[in-house]
Amino acid sequence: MALMKDEVDIVIPTIRTLDFLESWRPFFQPYHLIIVQDGDPSKTIKVPEGFDYDLYNRDDINRILGPKASCISYKESACRCFGFLISKKKYIFTIDDDCFVAKDPSGKEINAVEQHVRNLITPSTPFFFNTLYDPYREGADFVRGYPFSMRSGVPTAVSHGLWLNIPDYDAPTQLVKPRERSTRYVDAVITIPKGTLYPMCGMNLAFDRELIGPAMYFGLLGDGQPFKRYDDMLAGWLSKVVCDHLGLGVKTGLPYLWHSKASDPFVNLKKEFNGLFWQEELIPFFQSVVLPKECTTAQQCYLELAKLVKENLASIDPYFIRLADAMVTWIEAWDEFNPPKPAAAS
Ligand SMILES: O=c1ccn([C@@H]2O[C@H](COP(=O)(O)OP(=O)(O)O[C@H]3OC[C@H](O)[C@H](O)[C@H]3O)[C@@H](O)[C@H]2O)c(=O)[nH]1
Ligand SMILES: [Mn+2]
């Protein structure tokens, strides 16, 4: 049974091949796939038979967005956010092409789509921590002392899944621990408390487009930019600031998938180099941001954040002025392709 099959798009950035889809066929076949082909658009990427998909390469992105295509990264997994923008569905699940179906401790294959949807359709508890983890899961509840006034929770905007086998480590960690593998299956889903940022990894991620889509921009990184392999981190910091401001929840934990490819740590070190230093200034900055109460939509919050990025981060590097402009272009593109729905007749 494919949960919410008409409400979910599965977005896959790829610069390699899509053979991994065979592993997901039982779970993905009922859903629509949006494949964002990065790199050389003249290269043909084969999609295995039997999947319902749209595939967009760089020529398509340029044709569809016109000048606004300038905000979509090139040669960076951040290109995936083009799929977020042109989707018409309520939920997005995005996954990398080197991620496979994992098994839980009982040996059962994990349907990551289903778990993400369950995470997203049940509330979050960012304002008061429930020590027995997600109280809305089967076999759990609010523990003694949990305020009754808070037990309805808040809408969940983001569901952040994890990975067995190759963990998402930065290059320095990968270099000193080349053989370390993620083997611990933790059967938990946890709401990330309000006021706390987190390192959002894009390889096993789902979100509610209608609640937080405009804030899930993966930035202008990659080819031609001094900032690389921090696309998901940037989106995670900014979207969490917006979620906290709008009273939306972010969950992390289940589902797990099996991450198979360790990218080259030396190549990654070069790509991540600036980010390793900049993150130590960016994180405290985003942690300190307080958005004005007049910002009541994800778009308004995001445009305010673009202003703050431009005003406060150019001292780190002039690149942040370009990033701030790209954030504004992203919202313009978002609104062009996702015009506000007319208010229901009263
Ligand atoms: O220029 C590129 C490079 C990659 N892709 C696609 O993005 C996906 C991730 O690529 P890869 O598996 O090589 O990345 P990792 O080293 O595992 O690190 C990931 O960690 C999570 C991040 O969100 C991000 O996905 C990576 O940093 C994969 O589908 C590639 O085909 C691309 O489109 N363009
Ligand atoms: Mn990978």
Side-chain angles (χ1 to χ4, degrees), residues 10-21 23-24 28 33-41 43-47 53 55-58 60-61 72-84 92-102 112 158-175 177-178 180-182 198-207 216-225 227-239 252 256-276 279:
I10 298 176
V11 177
I12 304 161
T14 188
I15 198 161
R16 300 186 285 229
T17 75
L18 294 169
D19 302 345
F20 86 113
L21 283 174
S23 153
W24 292 99
F28 283 11
L33 310 182
I34 295 178
I35 298 158
V36 184
Q37 177 186 335
D38 196 8
D40 178 0
K43 199 179 139 206
T44 304
I45 293 200
K46 198 172 161 351
V47 183
Y53 72 92
L55 185 145
Y56 299 95
N57 64 25
R58 192 69 211 189
D60 299 317
I61 294 170
I72 303 296
S73 299
Y74 185 63
K75 294 258 177 89
E76 177 89 6
S77 62
C79 64
R80 72 176 85 219
C81 61
F82 174 75
F84 306 165
I92 292 287
F93 168 41
T94 187
I95 182 172
D96 288 1
D97 63 12
D98 61 348
C99 294
F100 294 80
V101 175
V158 177
S159 171
H160 178 265
L162 296 173
W163 346 273
L164 292 172
N165 194 39
I166 309 284
D168 186 27
Y169 285 167
D170 52 44
T173 309
Q174 239 185 317
L175 279 166
K177 304 176 97 174
E180 184 144 298
R181 294 294 176 266
S182 165
Y198 73 111
M200 186 179 81
C201 170
M203 75 171 105
N204 176 16
L205 181 71
F207 61 90
M216 290 300 274
Y217 176 47
F218 272 43
L220 181 62
L221 287 84
D223 198 45
Q225 307 303 337
F227 208 17
K228 295 176 168 70
R229 286 178 58 85
Y230 268 79
D231 52 325
D232 45 359
M233 298 298 138
L234 180 76
W237 303 328
L238 289 162
S239 59
T252 187
Y256 281 89
L257 49 63
W258 182 269
H259 181 211
S260 77
K261 189 183 293 296
S263 41
D264 180 331
F266 291 99
V267 169
N268 291 349
L269 184 59
K270 274 192 225 145
K271 288 186 174 181
E272 293 169 13
F273 187 74
N274 283 333
L276 295 169
Q279 71 171 39

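Just so you know, ligand 1 is whichever comes first in the structure, and atom 1 is the first atom listed for that ligand. Numbers here are sequence positions counted from 1.
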Indicate yes or no: at least one non-hydrogen side-chain atom of I95 is less than 4.5 angstrom from one of L257. yes
Looking at N57 and P41, what are the two nearest heavy atoms and their distance? ND2-O, 3.3 Å
Among non-hydrogen protein atoms, atom 32 (C) of ligand 1 lies closest to D38 OD2, 3.6 Å
Only one of E180, K261, Q174, R181 clears side chain to side chain contact (heavy atoms under 4.5 Å, CB included) with I166; which? R181
Do you see a donor-acceptor pair shorter than 3.5 Å between the side chains of Y74 and Q225? no
Tell me whether ligand 1 is touched by Q37 - counting only heavy atoms on the residue side and a distance under 4.0 Å. no
Non-hydrogen atoms of P13 and V11 that approach each other most closely: CD-O, 4.0 Å
At what distance is the nearest protein heavy atom to atom 25 (O) of ligand 1, and which residue and atom is it? D96 OD2, 2.4 Å
So which N/O/S atom does D98 have closest to the Mn ion (ligand 2)? OD2
Of the listed options I95, D232, N268, closest to atom 23 (O) of ligand 1 (non-hydrogen atoms): D232
In terms of residue, atom name and distance, what is the protein heavy atom nearest to atom 13 (O) of ligand 1? R16 NH1, 3.0 Å
So, 2.8 Å as the limit: is an N/O/S atom of C99 located closer than that to the Mn ion (ligand 2)? no
Does any donor atom in the side chain of S260 or D98 lie under 3.5 Å from an acceptor atom in the other side chain? no
Which atoms form the tightest heavy-atom contact between T94 and R80, and what is the distance? OG1-NH1, 2.9 Å
Give me the nearest non-hydrogen protein atom to atom 29 (O) of ligand 1 as residue plus atom name, then the distance to 0.1 Å. P13 O, 2.7 Å
Can you tell me which portion of I15 lies within the under-4.0 Å heavy-atom range of ligand 1? Options are side chain, backbone, both, or neither. both
Can you name the atoms of ligand 1, numbered from 1 with element, that are less than 4.0 Å from a heavy atom of C201? 21 (C)
In this structure, CG of D97 is separated from OG1 of T17 (nearest 0.5 Å) by 6.5 Å
Just need the protein heavy atom nearest to atom 20 (O) of ligand 1, so name the residue and atom and give the distance. D168 OD1, 3.3 Å
Taking 4.0 Å as the limit for heavy-atom contacts, which would you say applies to D97 with ligand 1: side chain only, backbone only, both, or neither? both
Atoms of ligand 1 close to C79 [distance to a heavy atom under 4.0 angstrom, numbered from 1]: 33 (O)
Under 4.0 Å from a heavy atom of D98: give me the atoms of ligand 1 that qualify, with their elements. 12 (O), 17 (O)
Any idea which atoms of ligand 1 are less than 4.0 Å away from a heavy-atom of S263? 15 (P), 16 (O)
Protein heavy-atom partner closest to atom 18 (O) of ligand 1 - residue, atom, separation in Å: R229 NH1, 3.3 Å
For R80, counting its heavy atoms only, list the atoms of ligand 1 lying under 4.0 Å from any of them. 23 (O), 24 (C), 25 (O)
For F273, is the CZ atom crowded, meaning more than 12 foreign heavy atoms sit under 6.0 Å from it? no
I'd like to know if R229 pairs up with D170 as an ion pair, taking the criterion as any Lys NZ or Arg NE/NH1/NH2 lying under 4.0 Å from an Asp or Glu carboxylate oxygen. no
Any chance you could lay out the ring-ring contact (aromatic ring centres under 6.0 Å, His included) test for F84 and F207, step after step, and finish with the verdict? CA-CA 10 Å; F84 306 165; F207 61 90; 4.9 Å; yes
Hey, can you tell me if F227 and Y230 have their rings parallel, tilted or perpendicular (30° and 60° cut-offs)? parallel
Under 4.0 Å from any heavy atom of H259, which atoms of ligand 1 are there? 17 (O)
Lys/Arg N to Asp/Glu carboxylate O, D38 vs K75, below 4.0 Å: no
Can you confirm, on distance only, whether ligand 1 has an N/O atom lying under 3.5 Å from any N/O atom belonging to G202? yes
Tell me the protein heavy atom at minimum distance from atom 1 (O) of ligand 1, and give that distance in Å. K75 C, 3.0 Å
Nearest protein heavy atom with distance in Å, relative to atom 24 (C) of ligand 1: S77 OG, 3.3 Å
